Amino acid sequence: MQKRLLQWYEKNGRHELPWRNTTNIYHIYLSEIMLQQTQVNRVRDEYYPQFLAKFPTLKTLADAQESEVLAAWSGLGYYSRARNLHKTAKLCENELPKSYEELLKLPGIGSYTASAICAFGYHQNLPVLDTNIKRVIKRLFALINPSEKELTRQAVKVLNDKEPRAHNLALMDLGSLVCLPKNPKCQECPLTSECQGKEEPELYTQTKKTKYETMELFYGVCVKDDKITLVKTEGSMYKGMLSLPCVDPLEDDFLVSFKHAYTKYRLSVHLYRLDEAPKDAIWLSLEELESAPISSLVTKALTALNLKKLP
Ligand code: SF4
């Protein structure tokens, strides 16, 4: 089965992904952090090359200001990832540790990322359990709602200890290209003869429906001499980012509304004219906004106001 899986991977795998063609551990680590919540194509085509152009080494990242790192992360969301990446770079400076246990002690590195760095970067004999691999393992062994421990136990059972890196990448691609959440292509699968779940594949991947929370947000817009006011965000989710100031809405000052989706939140955002800038406001020109640490919500607000066009 391992041999068939590797043959399938050799022929069909996504070998062109840049983080698969490097031995640089920092680059592999960065890709894993970016890929946690962002689609492969966006990471590959936009964020990964842009971020590495700015911070090519762990040391350059460690030496940067947090605001510069957040600015390079703008639009990717989940900004705690960028803050933790920066903290980890400061702690390690030149090299990430080689052991799974040591990696786990670093900010923002959980069990998945630690095992991915060990397997993909250091070629260690560890199973990597991302969403795609979990789906394959669940179906392969017909596991309904297994615990993480059980999934790990089964993944270890099939792990190819001679080629752990290629094995994990192969399972990842199999989950992404063949063992799809709906209508898996079992006829094309190299594991079909061993698969215990192929008769009812969707039985093993039922997930709870996400409960969305709706919220209304009200922001003020103060523009003078081609500059707009933003304020530093203190809340944990957007900490260190720049945002429009919150306001109590006054009907006469209404400008525009738009919808925005963020994780489990479905937001209705309303913008109002603000005559006086808040005390702690930062004035930024359109040019300065290009390299400022702003979220995609703020970018959308600027677009709705016709102040900044999205690329
Ligand atoms: S045989 Fe079908 S269900 Fe089983 S691992 Fe392959 S694609 Fe998934």
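All ligand and atom numbering here is 1-based and tracks the order in the structure. Remember, predicted model here, so these are calculated numbers, not experimental data.
Counting protein heavy atoms only, atom 6 (Fe) of ligand 1 is closest to Cys189 SG, 2.3 Å. From the protein, the heavy atom lying nearest to atom 8 (Fe) of ligand 1 is Cys179 SG, 2.4 Å. With respect to atom 4 (Fe) of ligand 1, the closest heavy atom belonging to the protein is Cys195 SG, 2.4 Å.
Of the N and O atoms on the side chains of Thr57 and Thr60, at least one donor lies less than 3.5 Å from an acceptor on the other residue.
Between His270 and Phe254, the ring planes lie tilted relative to each other; the angle falls in the 30° to 60° range. Using a 30° and 60° split on the angle between ring planes, Phe51 and Trp73 fall in the perpendicular class, above 60°.
The cationic group of Arg266 lies under 6.0 Å from the six-membered ring centre of Tyr212 and within 45° of the ring axis, placing it in a cation-pi geometry.
When distances to atom 2 (Fe) of ligand 1 are checked against a cut-off of 2.8 Å, Cys186 contributes an N, O or S atom below that limit.
Considering all non-hydrogen atoms of both residues, Arg44 and Leu17 come closest at CD-CD2, 4.0 Å.
Within the structure, the closest approach of Thr192 to ligand 1 falls below 4.0 Å when heavy atoms are considered.
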